[in-house]
S.K.: 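I have a structure here, written as structure tokens, and I will follow up with some questions on it.
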Amino acid sequence: MQYVSTRGRADALDFEGATLAGLASDGGLYLPERWPTFTAEDLSAMRGLSYVETAVRVILPFVGDSLSEDELRDLCTQAYGRFAHAAVTPLVQLDHGHWLLELFHGPTLAFKDVALQLLGLLFEKFLSRRETHLTIIGATSGDTGSAAIDAVAGRAGIDIFMLHPAGRVSDVQRRQMTTVLAPNVHNIAIEGSFDDAQALVKRAFNDPDFSSRYDLSAVNSINWARLVAQVVYYIYAGVRLGAPDRSVAFAVPTGNFGDVFAGYVASRMGLPIERLVVATNVNDILHRALSEGDYSQGTVVPTATPSMDIQVSSNFERLLFDLNGRDGAALAEQMKGFEQTRAMRLTNAQRDGAAALFSSARIDADGMSRAMRWAYDAAGQIIDPHSAIGLAAAHTAAVDPSVPMVTLATAHPAKFRDAVERATGVRPGLPSRTGDLFGREERYVTLPATFEAVTYYIAGHAVKRGS
Ligand SMILES: *Cc1c(COP(=O)(O)O)cnc(C)c1O
């Protein structure tokens, strides 16, 4: 299986190459050259399978010669063995028609563990084959940083530098990063906002002098291997709710369009998905794009769902490419226009193609709180604010009531205890797998938000290319 860039100019790569590259050299994102498909018999045969065996069946067609089936099984067993629930991503029924798909049973309490636990192992495997080293640099508003650090801590061949805005992530989120004392983990608190941290990371990647000295990599959801790991739980849940004989609908709290794009892939692979409901908070660029064809960037408004406070959704490019006849030159032109004006119109093919599968809803703070209270009062479930945005959107969706509606629960409520307590009056406790998070030693440096300070620190701690 080869991977092609959405902008049509980068060389095709195999799975190993696309995983290590992350972003394509022409600025585009990698997609498989074609979608592997499952027949109805293939799906029926997955009914009794464990999560790990489902993962092997779903991911194997994508890896080509990069991994044998046994190697893939071994990595999935390790990655998902660290989850606190035997079903890895269990379904919980809320009423006759609604389910939650709980994706937060991993080590850092958010769904990003599902993808990053596997990605950390893939990096380690591919790097040891090539005898090379990787320096991961990232900025985080909370969830990605903790999940990425947990996934690569202590792994050979990798150093990780994670920038977070000092004082602007929750105590739980900070401690999940700073109490990891492995020597390859470097936490940097930036005296500034998340945007400042993000801008510093982008500048480091774009600085030819700095980036030529290290083998740099990113861990945000532009990495194809992250998305493929997320396709698994759509199929796992769909099959449990009656696929291929019955269709299923999913409501997905969305930021960077990675999670819901994995649902699109599951649909292209043959899972009968009736509808994918894209749920946004008031940062609603995706809702405007899907309902009106208007993809134009606004200013980010901070909300109780920080992981969805995004005004440019990187993975949307993958959908636009697939719906535009995979014309890389046309998409490169469209994206160039967006980069210049911060706005673009979807083409008719893109709008019609998206409308056939996606609908969307924009949920404000009231709608989010109402959904949290409904889940608690009607079903006895405490849910986190991000999942509540998804559930509120599921309730607005015009889907045949005989189709099961599954809301993706993307974070554990204890990760956002204050917001949950405000809405429900209940303060969720941390699960036992987080152990003595508040008793452990923390280690991080605080640096001013300047390029010189950050690159000087990284230069003092990173491994140089070729050494
Ligand atoms: C990252 C995140 C999201 C958004 O996922 P995308 O793949 O960026 O759309 C939603 N909820 C939580 C809790 C997250 O951490």
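As a basis for the values below, the full set of heavy atoms in this structure was taken, side chains included, without hydrogen atoms, waters or symmetry mates.
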S.K.: Do the ring centers of Phe358 and Phe250 come within less than 6.0 Å of each other?
M.R.: no

S.K.: At their closest point, which heavy atom of Gly298 faces which heavy atom of Arg288, and how far apart are they?
M.R.: N-NH2, 4.3 Å

S.K.: Looking at side-chain heavy atoms only, is the closest gap between Thr305 and Pro253 below 4.5 Å?
M.R.: no

S.K.: Walk me through it: do Val277 and Val252 pass the test side chain to side chain contact (heavy atoms under 4.5 Å, CB included)?
M.R.: CA-CA 6 Å; Val277 183; Val252 188; over 6 Å; no

S.K.: Hey, does Phe62 have a side-chain heavy atom less than 4.5 Å from the side chain of Val265?
M.R.: yes

S.K.: Any Lys/Arg nitrogen of Arg174 or Glu442 sitting under 4.0 Å from an Asp/Glu carboxylate oxygen of the other?
M.R.: yes

S.K.: Does the separation of the ring centres of His395 and His98 fall below 6.0 angstrom?
M.R.: yes

S.K.: Please answer whether the main-chain N or O of Asp400 pairs with a side-chain N or O of Ser402 as donor and acceptor at a distance below 3.5 Å.
M.R.: no

S.K.: More than 12 non-hydrogen atoms from neighbouring residues, nucleotides or ligands closer than 6.0 Å to OH on Tyr376, yes or no?
M.R.: no

S.K.: Testing the 3.5 Å rule here: is there a donor-acceptor pair between the side chains of Gln173 and Asp143?
M.R.: yes

S.K.: In the structure I gave you, are the side-chain heavy atoms of Ser170 and Lys415 within less than 4.5 Å of one another anywhere?
M.R.: no

S.K.: Any side-chain heavy atom of Phe111 sitting closer than 4.5 Å to one from Thr89?
M.R.: no

S.K.: Salt bridge or not for Arg47 and Asp245, using N-O below 4.0 Å?
M.R.: yes

S.K.: Which heavy atom of Ala225 sits nearest to which heavy atom of Leu122, and what is that distance?
M.R.: CB-CD1, 3.9 Å

S.K.: Measure from the side-chain N and O atoms of Glu124 to the backbone N and O of Ala156, and report whether any donor-acceptor pair falls under 3.5 Å.
M.R.: yes

S.K.: Angle class for the Tyr3/Phe15 ring planes (parallel below 30°, perpendicular above 60°, tilted otherwise)?
M.R.: tilted

S.K.: Under a 3.5 Å cutoff, is there a donor and acceptor pairing between the side chains of Asp159 and His186?
M.R.: yes

S.K.: Minimum heavy-atom separation for Tyr80 to Val52, with atom names?
M.R.: CB-CG2, 4.1 Å

S.K.: Is there a side-chain contact between Ile235 and Met46, using heavy atoms and a 4.5 Å cut-off?
M.R.: yes

S.K.: Determine whether a donor-acceptor pair (N or O, by modelled atom type, separation under 3.5 Å) exists between the side chain of His386 and the backbone of Ser307.
M.R.: yes

S.K.: Would Ile363 and Thr280 satisfy side chain to side chain contact (heavy atoms under 4.5 Å, CB included), going step by step from the backbone distance to the final call?
M.R.: CA-CA 6 Å; Ile363 307 296; Thr280 75; over 6 Å; no

S.K.: Just how far is it from atom CE of Met372 to atom CE of Met368, taken to the nearest 0.5 Å?
M.R.: 4.0 Å

S.K.: Might you work through the salt bridge (Lys or Arg N to Asp or Glu O under 4.0 Å) test for Glu53 and Arg73, ending with a clear yes or no?
M.R.: CA-CA 7 Å; Glu53 284 307 318; Arg73 179 171 293 108; 2.8 Å; yes

S.K.: For Gly154 and Ala182, which heavy atoms make the closest approach, and how far apart are they?
M.R.: N-CB, 3.7 Å

S.K.: With a 3.5 Å cut-off and no angle check, do the side chains of Arg351 and Asn348 form a donor-acceptor pair?
M.R.: no

S.K.: Is any side-chain heavy atom of Val399 closer than 4.5 Å to a side-chain heavy atom of Met405?
M.R.: yes

S.K.: Between Asp42 and Arg57, is the salt bridge (Lys or Arg N to Asp or Glu O under 4.0 Å) condition met? List the steps.
M.R.: CA-CA 9 Å; Asp42 294 335; Arg57 298 237 180 142; over 6 Å; no

S.K.: Should Glu317 and Thr6 be marked as a side-chain hydrogen bond (donor to acceptor under 3.5 Å, both in side chains) after you check the CA-CA gap, both sets of side-chain angles, and the distance that decides it?
M.R.: CA-CA 7 Å; Glu317 176 168 343; Thr6 51; 2.8 Å; yes

S.K.: Atom CD in Gln381, atom CG in Leu391: separation rounded to 0.5 Å?
M.R.: 10.5 Å

S.K.: Can you tell me if Thr303 and Asn281 form a side-chain donor-acceptor pair at under 3.5 Å?
M.R.: yes

S.K.: Please give me the minimum heavy-atom distance between Leu319 and Phe261, naming the atom from each residue.
M.R.: N-CE1, 3.6 Å

S.K.: Judged by atom type as modelled, is there a donor-acceptor pair below 3.5 Å linking the side chain of Arg240 to the main-chain atoms of Gly48?
M.R.: no

S.K.: Could you tell me if Ser387 and Asp384 have a donor-acceptor pair between their side chains, going purely by distance under 3.5 Å?
M.R.: yes

S.K.: How are the rings of Tyr295 and Phe338 set relative to one another: parallel (under 30°), tilted (30 to 60°) or perpendicular (over 60°)?
M.R.: tilted

S.K.: When rounded to the nearest 0.5 angstrom, what distance separates CE in Met344 from CZ in Phe316?
M.R.: 7.0 Å

S.K.: Would you name the heavy atoms of Ala148 and Ile160 that are closest together and state the gap between them?
M.R.: CB-CD1, 4.0 Å

S.K.: Any sub-3.5 Å donor-acceptor pair from Thr434's side-chain atoms to Leu430's backbone N or O?
M.R.: no

S.K.: Give a yes or no on whether the backbone of Pro107 and the side-chain of Asp150 come within a donor-acceptor separation of less than 3.5 Å.
M.R.: no

S.K.: Going from OG1 on Thr179 to CD on Glu441, what distance comes out if it is rounded to the nearest 0.5 angstrom?
M.R.: 9.5 Å

S.K.: Asp196 side chain to Ser193 main-chain N or O, any donor-acceptor pair under 3.5 Å?
M.R.: yes

S.K.: Do you see a donor-acceptor pair shorter than 3.5 Å between the side chains of Gln350 and Gln334?
M.R.: yes

S.K.: Report yes if the side chains of Phe438 and Arg175 come closer than 4.5 Å at any heavy-atom pair, otherwise no.
M.R.: yes

S.K.: Taking the side chain as every heavy atom from C-beta outward, state whether Ile273 and Leu357 have any atom pair closer than 4.5 Å.
M.R.: yes

S.K.: Applying side chain to side chain contact (heavy atoms under 4.5 Å, CB included) to Thr19 and Trp224, what does each step give before you reach the verdict?
M.R.: CA-CA 6 Å; Thr19 300; Trp224 169 256; 5.8 Å; no

S.K.: Hey, does the side chain of Asn283 reach the backbone of Val300 with a donor-acceptor pair shorter than 3.5 angstrom?
M.R.: no

S.K.: Kindly compute the distance separating CG (Leu119) from OG (Ser217), expressed to the nearest 0.5 Å.
M.R.: 7.5 Å

S.K.: Nearest 0.5 Å, what's the CG-CG distance between Leu121 and Asp74?
M.R.: 8.5 Å

S.K.: Just do the side-chain hydrogen bond (donor to acceptor under 3.5 Å, both in side chains) check on Arg318 and Asn315 with the steps written out, would you?
M.R.: CA-CA 5 Å; Arg318 287 188 157 110; Asn315 280 294; 2.6 Å; yes

S.K.: Side chain to side chain contact (heavy atoms under 4.5 Å, CB included), that's the test. Do Asn184 and Phe161 meet it? Break it down for me.
M.R.: CA-CA 9 Å; Asn184 67 333; Phe161 294 83; over 6 Å; no

S.K.: Using a 3.5 Å distance criterion without hydrogens, assess whether the side chain of Asp284 forms a donor-acceptor pair with backbone atoms of His287.
M.R.: no

S.K.: With a 3.5 Å distance limit and no angle check, can you tell me whether Arg155 reaches the backbone of Ala151 through a side-chain donor-acceptor pair?
M.R.: yes

S.K.: Charged N to carboxylate O below 4.0 Å: is that the case for Arg82 and Asp113?
M.R.: no

S.K.: Give the intermediate values and the outcome of side-chain hydrogen bond (donor to acceptor under 3.5 Å, both in side chains) for residues Asp322 and Tyr264.
M.R.: CA-CA 10 Å; Asp322 211 39; Tyr264 173 78; 2.7 Å; yes

